[in-house]
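Throughout, protein chains are lettered first and strands after them, A, B, ... in sequence-line order, and every chain is numbered starting at 1.
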Amino acid sequence: MHLFDSAKKIKREFIPLVEGKASLYVCGPTVYDDAHLGHAKSSLVFDLLVRVLKANGYEVIYARNITDIDDKIIQKAITQNKDIKEITEFYTDSFHTEMSALGVQKPNLEPKATESLEAMFELIQKLIDSNHAYPTAEGDVYFDTSSDSEYLSLSNRVQDEGDKQNRVESSGLKKNSADFALWKSVKEEYNDLPVSSDKDGFKPSSVTFDSPFGKGRPGWHLECSAMIEKHLAIPNAEAAVDIHGGGADLLFPHHENEAAQTRCATNHKIANYWVHNGFVNIDGEKMSKSLGNSFFLKDALKEYDGEVLRFYLLSTHYRSNFNFNTQDLELAKKRLDKIYRLKKRLFGLAENRDKTAFEEKLLKALSDDLNISTSLALIDEMISNANETLDTAGKHKLLKRETISNLAYIEEVLGFGVKNPFEYFQAGVEEETKTKIVKLIASRDEAKKAKDFESSDKLRDEILAFGVSIMDTPQGTFWEKI
RNA sequence: GGUGCCAUCGCCAAGUGGUAAGGCCGCAGCCUGCAAAGCUGCUAUCCCCAGUUCAAAUCUGGGUGGCACCUCCA
């Protein structure tokens with residue numbers, strides 16, 4: 001398969017470090033707030049990548065971290081007068097619930113920053129020993145960017161001209177303005193925090209950690225490098241993991257700094273392939289709290305089926321920026337409906353697990369840097385062909401079995417069509433209403449048999465008043481929520 | 001200011017040198033008691049200008065218009 005490597009800026013063949021295996025590390029959420037559509041997009045993209053790697057026969061090791069040490073978490077704890085753990089556990093749980101609603105499969109590993117401190121200490125020490133990092137008088141430890149000749153090679157940036165001047169301004173704390181903290185001493189931390197009126201309940205001890213470098217907490221960039229070394233790194237390989245992923249905004253500085261840390265502390269680079277997903281905008285504008293247009297996943301899930309959101313967010317190429325709006329989401333739903341209608345036509349029949357020509361074509365498209373558009377076009381074509389044959393030769397057994405197999409493959413590789421088709425179309429309708437609808441349909445069928453079309457049409461109007469549509473088929477009358 | 005990305009039918013969106021996929025909407029038809037669903041057919045020369053080439057949406061140069069990142073961010 002081929003992937004676009006954002007470090008080399010070309011699409012290239014995926015060749016794993018270990019034959020038959022693929023390791024993937026993705027930057028997960030910082031658990032200080034509800035997940036928004038951007039988190040959903042990123043998680044979905046890498047969920048798809050994992051599924052496609054597996055479909056290509058790779059044994060996949062997939063890690064997605066939880067950042068549970070961060071300034072924003074501390075701020076939230078202060079403003080809400082809660083313990084750090086209460087905050088991080090709450091948002092970790094809601095993240096998991098929401099990901100599950102989107103059909104995102106669980107990673108093999110979900111390391112937390114708080115559980116990886118030893119690995120971070122080790123990494124910092126190695127960087128100090130090799131003169132790539134230095135402690136300051138204030139107790140912080142910084143990475144010396146000038147000691148890494150390859151610094152900025154990932155994000156392809158040029159060093160600022162003003163850098164030398166900044167050295168003077170920084171009054172000896174940092175050697176270079178680009179240097180970033182590996183360890184922040186506890187003193188600096190509280191200077192960074194806003195003054196809060198209800199600070200009394202805050203427990204400072206819960207956010208500082210003892211380390212060989214003093215009391216404090218690790219820098220954000222360090223967390224990922226350390227967790228990768230601890231959980232995924234393959235001894236004596238040229239890179240710690242095959243693929244490192246995350247949102248496009250993480251390329252700089254986060255991934256640049258991660259790459260520098262690992263490169264300087266170990267004898268390997270951090271990853272062979274860098275995969276970055278595009279941004280989610282809302283109605284053409286960047287989603288941000290200052291613009292007041294953040295779209296939280298939990299709110300979207302109240303209005304829309306998780307699988308519809310999955311289909312919509314995955315329906316354009318993962319590297320493109322995604323412009324979220326509800327009109328397009330409705331269009332995506334219509335496309336997903338087609339999968340479910342075909343599924344409904346074949347409901348209850350056994351599948352045939354021989355690989356079909358369709359499956360091969362679909363996998364080929366997805367293996368080309370996750371070309372979702374071509375994949376969806378193939379799916380639509382398959383659906384049309386199947387419907388046409390079912391219309392004309394309804395008893396074609398082989399075709400039915402092949403189609404069911406195709407649908408099962410779509411479910412496995414793309415996660416589309418995973419629900420019971422009847423439940424999918426009737427989601428959100430109360431049992432009482434369902435019973436009424438079924439009774440009215442039965443009455444209408446009788447009227448139709450008696451060719452009393454006046455009554456049957458009247459009954460149909462009553463049914464449609466529930467906000468549903470009905471369709472007569474050889475298997476009987478079905479209804480769907482509109 | 002620096003770095004990079006993008007511009008394809010009314011809307012969404014593939015295609016990176018060989019003569020424009022797919023979905024939605026629309027129109028016509030088949031099916032249907034009528035609908036719905038499904039099926040069939042129809043609908044673009046690719047922002048502008050110049051160049052390279054036998055051949056360009058695809059490459060080069062210029063222009064116009066969007067957007068992102070530049071140490072909070074998926």
Side-chain angles (χ1 to χ4, degrees), chain A residues 6 9 11 26-30 32-33 35-46 64 70-72 75 145 152 155-162 177-181 219-221 245-254 256-257 276-281 284-290 312 315-317 319-323 325 327-338 341-342 344-345 365 368 371-381 383-392 448 451-454 456-457 460-461 464 468-473 477-480 482:
Chain A
S6 33
K9 305 209 185 303
K11 196 196 286 185
V26 175
C27 293
T30 301
Y32 72 99
D33 204 350
H36 53 62
L37 292 173
H39 295 105
K41 169 87 182 175
S42 182
S43 300
L44 284 166
V45 163
F46 293 104
R64 182 187 59 206
D70 186 85
D71 284 350
K72 292 209 180 89
Q75 278 181 24
T145 51
L152 299 181
S155 56
N156 201 24
R157 263 157 223 276
V158 286
Q159 199 79 32
D160 254 351
E161 269 300 307
S177 67
D179 291 356
F180 53 90
W220 174 44
H221 314 302
D249 56 325
L250 296 181
L251 184 60
F252 185 83
H254 187 51
E256 185 71 57
N257 292 351
H276 290 97
N277 65 277
F279 253 55
V280 177
N281 299 320
E285 284 194 311
K286 184 183 170 174
M287 184 170 29
S288 77
K289 281 182 183 167
S290 54
Y312 177 47
S315 66
T316 66
H317 190 84
R319 278 189 279 119
S320 304
N321 282 342
F322 189 93
N323 188 30
N325 69 71
Q327 289 77 30
D328 293 343
L329 189 147
E330 295 295 339
L331 302 188
K333 182 186 181 305
K334 287 187 180 182
R335 214 170 179 179
L336 179 61
D337 285 351
K338 287 161 55 146
R341 290 216 181 90
L342 180 59
K344 204 158 72 169
R345 276 187 99 164
D368 179 19
N371 189 330
I372 193 72
S373 279
T374 301
S375 304
L376 293 180
L378 287 167
I379 290 172
D380 287 322
E381 185 191 32
I383 292 172
S384 284
N385 289 341
N387 275 323
E388 189 189 359
T389 316
L390 287 168
D391 282 348
T392 53
K448 272 176 64 188
K451 300 216 186 280
D452 179 2
F453 296 125
E454 202 180 315
S456 76
D457 286 353
R460 178 167 59 199
D461 287 343
L464 299 187
V468 301
S469 67
I470 60 172
M471 44 211 71
D472 296 328
T473 76
T477 301
F478 295 135
W479 64 275
E480 296 178 359
I482 296 169

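- The gap from the C1' atom of B/A21 to that of B/U58 amounts to 15 Å, rounded to the nearest Å.
- Partners of A/T374 by side chain to side chain donor-acceptor pair (under 3.5 Å), not counting sequence neighbours, listed by chain and number: A/N371.
- Spacing between atom CD1 of A/I372 and atom P of B/G23 amounts to 15 Å, rounded to whole angstrom units.
- Distance CE (A/M471) to P (B/A37): 6 Å, rounded to an integer number of Å.
- Distance, A/L390 CG to B/A37 P: 18 Å, rounded to whole Å.
- When the C1' atom is compared between B/C5 and B/G10, the two are found 26 Å apart, to the nearest whole Å.
- Below 30°, between 30° and 60°, or above 60°: for A/F180 and A/H221 the angle between ring planes is above 60°, a perpendicular geometry.
- Among the protein residues, A/V26 comes within range of no part of the nucleic acid, since none of its heavy atoms lies under 4.0 Å from any strand.
- In this view, A/D380 and A/R335, A/K338 satisfy the salt bridge (charged side-chain N to carboxylate O under 4.0 Å, His left out) rule, not counting sequence neighbours.
- If you check every strand for non-hydrogen atoms under 4.0 Å, A/D70 touches nothing.
- Listed pair A/N257 / B/U71 fails the phosphate criterion, with no side-chain N or O lying under 4.0 Å from OP1 or OP2.
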Give every pair of a protein N or O atom and an N or O atom of nucleotides 10-13 of chain B that lie under 3.5 Å apart, one pair per line with the distance.
| from | atom 1 | to | atom 2 | distance (Å) |
| --- | --- | --- | --- | --- |
| B/A13 | O2' | A/S373 | OG | 2.6 |

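- What separates NZ of A/K448 from C1' of B/A36 is a distance of 11 Å, to the nearest Å.
- Listed nucleotides: B/C72, B/C70, B/C34. Nearest to the side chain of A/F252: B/C70.
- Atom CZ in A/F279 sits roughly 10 Å away from atom P in B/A68 (whole-Å rounding).
- Protein atom CG of A/D368 is 8 Å distant from nucleotide atom P of B/G15, rounded to whole Å.
- Using modelled atom types, one finds a donor on one side chain and an acceptor on the other under 3.5 Å when comparing A/N387 with A/R345.
- Side chain of A/T389 to main chain of A/N385: a donor-acceptor pair is present (N/O by atom type, distance under 3.5 Å, no hydrogens or angles).
- Note on A/G38: a base of the nucleic acid sits closer than 4.0 angstrom, heavy atoms only.
- Residue-to-nucleotide proximity on RNA chain B shows that, of A/R460 and A/E381, the 5′-proximal contact is made by A/E381.
- Place A/S42 and A/D472 on RNA chain B by their nearest nucleotides, and A/D472 ends up nearer the 5' end.
- The salt bridge (charged side-chain N to carboxylate O under 4.0 Å, His left out) search around A/D70 returns none, not counting sequence neighbours.
- A gap of 37 Å separates the P atoms of B/A28 and B/U16, to the nearest Å.
- Rounded to whole Å, atom C1' of B/U32 lies 13 Å from atom CD1 of A/I470.
- Here B/U71 is the nucleotide among B/C34, B/A74, B/U71 with the atom lying nearest to any side-chain atom of A/A178.
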When you compare the protein's N or O atoms with those of nucleotides 38-42 of chain B, which come within less than 3.5 Å of each other, and at what distance?
| from | atom 1 | to | atom 2 | distance (Å) |
| --- | --- | --- | --- | --- |
| B/G38 | O3' | A/N387 | ND2 | 3.1 |
| B/G38 | O2' | A/D391 | OD2 | 2.7 |
| B/C39 | OP1 | A/S384 | OG | 3.2 |
| B/C39 | O4' | A/D391 | OD2 | 3.4 |

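- Judged purely by atom type and a 3.5 angstrom limit, A/N281 has no side-chain atom pairing as donor or acceptor with the backbone of A/N323.
- Residues meeting the ring pair (Phe, Tyr, Trp, His ring centres under 6.0 Å) test with A/F478, sequence neighbours left out: A/F422.
- Contact between the side-chain N/O atoms of A/K334 and the OP1/OP2 oxygens of B/C25 is found at a separation under 4.0 Å.
- What separates NZ of A/K11 from C1' of B/A14 is a distance of 11 Å, to the nearest Å.
- At the heavy-atom level, A/F180 lies nowhere under 4.0 Å from the strands shown.
- More than 12 heavy atoms of other residues, nucleotides or ligands lie within 6.0 Å of NZ in A/K9, so this atom counts as buried by the packing criterion.
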